[in-house]
Amino acid sequence: MLDLKFIRENPDIVKAAIAKKKDFSDIDRLLSLDEKRRAIIAEVEVLKNERNMASEQVAKLKREKQDASELIEKTRTTGEKIKALDDNMRPLDEEINELMAKIPNVPHASVPHGNSAEDNVVVAEWGEERSFDFTPKDHLQLATALDIFDFPRGAKISGSGFPVLKGNGAQLDRALINFFLDSHTVKNGYREVFPPFLVNSTTAFGTGQLPKSKDQMYYMPEDDLYAIPTAEVPVTNLHRDETFAASDLPVKYCAYSACFRREAGTYGKDTKGFLRVHQFNKVELVKFADPDKSYEELETLRADAEGILKALGLKYRVLSLCDADLSFSAAKCYDLEIWAPGEKRWLEVSSCSNFEEFQSRRMNIRYRPEGGAKQRLVHTLNGSGLATARILVGILETYQNADGSITIPEVLRPYMQGKTEIR
RNA sequence: GGAGGAUUAGCCUAAUGGUAAGGCAGCGGUCUUGAAAACCGCCGGGCGCAAGCCCAUGCAGGUUCGAGCCCUGUGUCCUCCGCCA
C-alpha cells in the first residue's frame with residue numbers, strides 16, 4: 001500500500017506507475033474521494049470538539065449538583081449531526097480503502113524502463129554452458145526413464161500439476177531443501193523458521209496477495225484460510241503490528257515451505273513436466289531492513305541466492321526486471337534464471353525483491369531509529385533461495401550422462417549418503 | 001462440536017457511565033574517572049509552524065449529553081469436556 005499523502009502530493013508519479021504495470025486504479029477518483037473525506041473530517045472535528053467540551057461541562061455541573069438538562073438537550077443535536085456526518089463518511093472510507101489496497105507499488109529509480117518482459121535487462125551472467133558429446137534429453141525424458149517423477153499418479157490422486165517424487169527424486173528434492181537451509185543459516189546468517197502453510201486473510205492481505213490475487217490461492221472456506229503460495233506470506237507477517245529496535249535490523253529469516261499456486265489463467269503454458277506445478281518446495285529468504293539500507297540488503301540477498309547456484313554449478317543469469325514486468329508489490333526485482341540444456345531455455349528459479357514500505361504499511365511493521373526518534377516503517381525484502389522444482393530440472397538436464405544417469409553435484413552428496421549418481 | 005474465562009500501550013497492571021492512572025523496560029539528559037544508583041525529561045496514532053485539536057482500551061455496531069465500563073454481533077487466546085496423530 002502506498003502512502004495516501006504521497007499519492008496526494010505526487011499523483012503523476014503514481015499514475016505513471018499504474019500505466020506501466022497495466023493496472024486500472026483510478027487515482028482521480030481516489031483523490032476526489034479523499035478531498036470529500038477530508039472536508040467532512042474538518043467539519044466533524046469541530047463538532048466533536050464542541051461535544052467533548054459540552055460533555056465536560058455536564059460532568060462538572062453534575063459534580064456540583066447543578067441542573068444540566070438544558071445543556072444536555074442542546075448537545076443532543078450536536079451528537080445527531082456528528083452521527084450524520086460519520087454516516088456520510090463511512091462509504092467514502094470504504095471505497096478509499098478498497099482503491100488503496102489495489103494500487104501497485106511505484107518502481108525504484110534504478111529500475112529499467114520497458115514495455116514487457118522482453119525489456120528486462122541482463123545485469124550478470126555466470127558459468128559456462130556444458131558441452132555434450134551426445135544429444136541431451138529434457139528432464140521429463142530423463143526422470144521418466146529413472147522413474148523418479150510420477151505425474152500420472154499425481155494427477156490421479158490430486159490433479160494435473162501435482163507431481164509425485166519417488167526414490168532418488170524424492171531424496172534429491174529433500175537434499176536440496178536441506179542444502180539450501182544449511183547454506184543460509186550457517187553461511188549467510190539467516191534464522192530458520194518453519195511456518196504454517198495455511199494463513200488467515202489478514203496475513204494474505206499483509207504481503208499483498210489479497211485482494212488482487214485472491215484467485216491465485218487455494219482457499220478453504222470452512223475455515224477462511226488460504227494455502228500459502230510462498231513462505232514469504234507467513235514469515236513476513238511474523239512481525240505484523242510490531243516495532244523493532246534499530247539495532248535489531250536487518251532481521252533475516254529463511255524458511256522452507258511447500259508452496260501452493262492455482263496458476264489460474266496459465267493453462268497451456270509450461271504444461272510440460274516440472275516447469276509449472278500447483279505444489280512445489282521452496283526455501284524463502286525474508287529480510288526486514290532499515291529503509292536507508294534496503295537496497296544494499298537487496299544486493300546481498302541476491303548474492304545469497306546466487307551463491308546456491310554457483311555451489312550447484314548451474315549456469316545462470318540475473319535480470320533486472322523493467323517497470324512493466326514488476327509485480328504488484330515490488331519496487332525493484334531481480335530474477336535469477338538457470339540455463340536448462342535439455343529444454344534449451346532459461347528457467348526462472350528466484351525473484352529477489354525490495355518492497356520498500358509497501359508491505360510494512362499494510363502490516364504496520366515499524367522500527368524505532370537510534371536516539372529514540374519517531375517510529376518509521378521498515379523495508380521488507382524477500383527472495384527465493386531457492387525453489388526446488390526448477391532446480392531439479394536444471395540438475396537433471398545439466399548433469400545427465402549419455403546412458404541417462406545423472407551425476408549428483410558434489411555439494412549434495414553429503415545429503416544423499418555419499419551417492420555420486422542416480423541411475 | 002459443547003461449556004466457561006480472558007482481552008487496556010513493548011511488557012505488567014488500575015480506572016462508582018464523567019472523558020485512559022501507575023509501574024517496568026526503552027530512549028535522551030544531569031551527576032560520575034567509568035558504570036550503577038539517584039534525579040529530570042520523553043515514551044499509542046493522525047493533523048498542524050505552533051498553540052492545540054481529533055482519534056485510540058481486540059474488531060464492528062447500538063444505547064447515552066458522555067462508553068474501557070451497559071447492550072448486540074464477532075475475532076483471538078486460555079481452561080475443561082468430547083474426538084483425535
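Because the structure is a prediction, the values reported are computed rather than measured. Every chain is numbered from 1 and lettered A, B, ... according to where its sequence line falls, protein lines coming before strand lines.
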query = How is A:Arg366 classified with respect to the nucleic acid when contacts are heavy atoms under 4.0 Å: base, sugar-phosphate, or nothing?
reply = nothing
Which donor-acceptor pairs under 3.5 Å do the side chains of residues 174-182 of chain A make with protein atoms, sequence neighbours left out?
from     : atom 1 : to       : atom 2 : distance (Å)
A:Asn178 : ND2    : A:Arg174 : O      : 3.4
A:Asp182 : OD2    : A:Tyr415 : OH     : 2.6

query = Whole Å only: how far is the CG atom of A:Asp93 from the P atom of B:rC54?
reply = 19 Å
request  = Starting from P on B:rG26, measure out to CD on A:Gln375 and report it in whole angstrom.
outcome  = 17 Å
Under 3.5 Å donor-acceptor, A:Arg376 side chain and A:Arg368 backbone = no
inquiry  = Output the rounded distance in Å from NZ (A:Lys60) to C1' (B:rU19).
reply    = 15 Å
request  = Ignoring backbone atoms, test whether A:Arg51 places a side-chain nitrogen or oxygen under 4.0 Å from the OP1 or OP2 oxygen of B:rC54.
outcome  = no
task = Between A:Arg76 and A:Lys48, name the one whose nearest nucleotide on RNA chain B is closer to the 5' end.
result = A:Lys48
Nearest-angstrom distance from the residue atom CD of A:Glu80 to P of B:rG62 = 13 Å
Selection from B:rU63, B:rC54, B:rG48 that lies nearest to any side-chain heavy atom of A:Asn49 = B:rC54
request  = For nucleotides B:rG58 and B:rG44, find the distance between their C1' atoms and express it as a whole number of Å.
outcome  = 15 Å
inquiry  = Taking any heavy-atom pair under 4.0 Å as a contact, classify A:Ser55: base, sugar-phosphate, or nothing.
reply    = base
query = In terms of the nearest nucleotide of RNA chain B, which residue is placed more toward the 5' end: A:Lys83 or A:Leu71?
reply = A:Lys83
inquiry  = Starting the side chain at C-beta, find the nucleotide from B:rC47, B:rC54, B:rC65 nearest to A:Glu45.
reply    = B:rC54
request  = Take the protein atom CG of A:Asp67 and the nucleotide atom P of B:rC65, then report the distance between them rounded to whole Å.
outcome  = 14 Å
query = Counting heavy atoms not belonging to A:Glu410, are there more than 12 under 6.0 Å from its CD?
reply = no
inquiry  = Walk me through whether A:Tyr226 and A:Tyr219 qualify under ring-ring contact (aromatic ring centres under 6.0 Å, His included).
reply    = CA-CA 5 Å; A:Tyr226 295 85; A:Tyr219 177 59; 4.6 Å; yes
request  = Take A:Arg8 and A:Asp3 through the salt bridge (Lys or Arg N to Asp or Glu O under 4.0 Å) test and state the conclusion after the steps.
outcome  = CA-CA 9 Å; A:Arg8 205 181 289 142; A:Asp3 182 5; over 6 Å; no
query = When all nucleic acid strands are considered with a 4.0 Å heavy-atom cut-off, which category describes A:Lys62: base, sugar-phosphate, or nothing?
reply = base
Proximity to the side chain of A:Ala59 - top-ranked nucleotide from B:rC55, B:rG18, B:rG62 = B:rG18
